[in-house]
J.: 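Structure below; questions to follow.
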Amino acid sequence: MRMPLIAGNWKMNGSLSLVEEFGRAFAGVSLPVNVEVALMVPFPYLGAAAQALGETAVMVGAQTLSDRPAGAFTGEVSGAMLRECGARLVLVGHSERRALFGEDDAAVLARVQAALHEGLTPVLCVGETLEEREAGRTEAVVLGQLEAVVEALDATQRPRLIVAYEPVWAIGTGRTATPEQAQAVHAALRARLARHDEALAAGMRLLYGGSMKADNAAELLAQPDIDGGLVGGASLKVDDFLAICQSAG
Ligand code: PEP
């Protein structure tokens with residue numbers, strides 16, 4: 001049985017007061033016991049988030065990491081630093097990192113390996129652009145992004161991954177994939193994982209991301225191969241994010 005995960009991605013948004021608001025709100029509610037929740041906050045808020053959410057079930061995560069362990073890499077943040085500040089998960093290969101910061105499949109793989117090396121759970125993001133979808137290349141793109149990582153990992157590392165399918169055309173646009181569109185891609189991802197190992201495919205959590213909101217989360221999460229959500233905009237409003245978490249239970 002795969003435990004659903006709802007992960008909020010604040011991107012370069014939020015504030016210390018929002019971190020505290022989330023801490024207070026989550027301390028005062030009971031989340032469904034069969035759901036995991038994480039909040040991926042900007043680097044400077046990690047420590048405060050770990051403290052504010054420390055008494056709750058919400059895990060803290062980061063949005064990227066360096067592929068290097070330490071050294072003269074001005075501006076970079078290592079996996080070890082993330083862990084020290086309380087992060088347990090880290091997004092890798094978010095479409096904004098791929099498109100705006102030039103992270104190709106090799107860079108994404110190096111970051112997944114760095115995360116695993118530090119005991120962090122990498123949440124590998126894959127997804128096609130609108131142009132790629134319209135050209136009928138959705139599966140080729142997302143399976144290629146998946147394989148670029150999975151093929152390079154060994155059998156002990158692969159089960160430690162979480163994958164998030166995020167169609168680029170649905171991120172921050174208000175245009176959500178239909179449950180059927182999302183389910184079709186999730187099923188293709190799971191079938192590809194099964195080529196490596198049936199148990200790996202059966203156990204791996206595949207999240208959907210792309211304009212998930214309180215009013216569309218339940219029908220997306222009801223799909224058999226959708227095991228949770230990666231939530232951008234709606235994770236910045238505590239009531240909306242809580243409602244999504246509740247609908248996953
Ligand atoms: C995201 O940033 O991963 C995301 C899915 O954003 P949004 O929910 O705003 O589309």
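In listed order, ligands and their atoms are each counted from 1. Quick caveat, the model's predicted, so the values are computed rather than measured.
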J.: Say whether Leu200 and Val185 are linked into one hydrophobic cluster, either directly or through other cluster members, by side-chain heavy-atom distances under 4.5 angstrom.
T.: yes

J.: One thing to verify: whether Glu131 and Arg137 come together as a salt bridge, which I'm taking to mean a side-chain N less than 4.0 angstrom from a carboxylate O.
T.: no

J.: Please list, by chain and number, the protein residues whose heavy atoms come under 4.0 Å of ligand 1.
T.: Asn9, Lys11, His94, Glu166, Ala170, Ile171, Gly172, Gly209, Gly210, Ser211, Leu230, Val231, Gly232, Gly233

J.: Does Glu76 come within less than 4.0 Å of Arg68, counting only side-chain N to carboxylate O?
T.: no

J.: Less than 4.0 angstrom from a charged side-chain N to a carboxylate O is my criterion; do Glu103 and Arg97 meet it?
T.: yes

J.: How would you list, by chain and number, every residue that makes a side-chain contact (heavy atoms from CB on, under 4.5 Å) with Ala188, sequence neighbours excluded?
T.: Glu139

J.: Could Arg133 and Glu128 be called an ion pair, given the rule that one side-chain N must be under 4.0 Å from one carboxylate O?
T.: yes

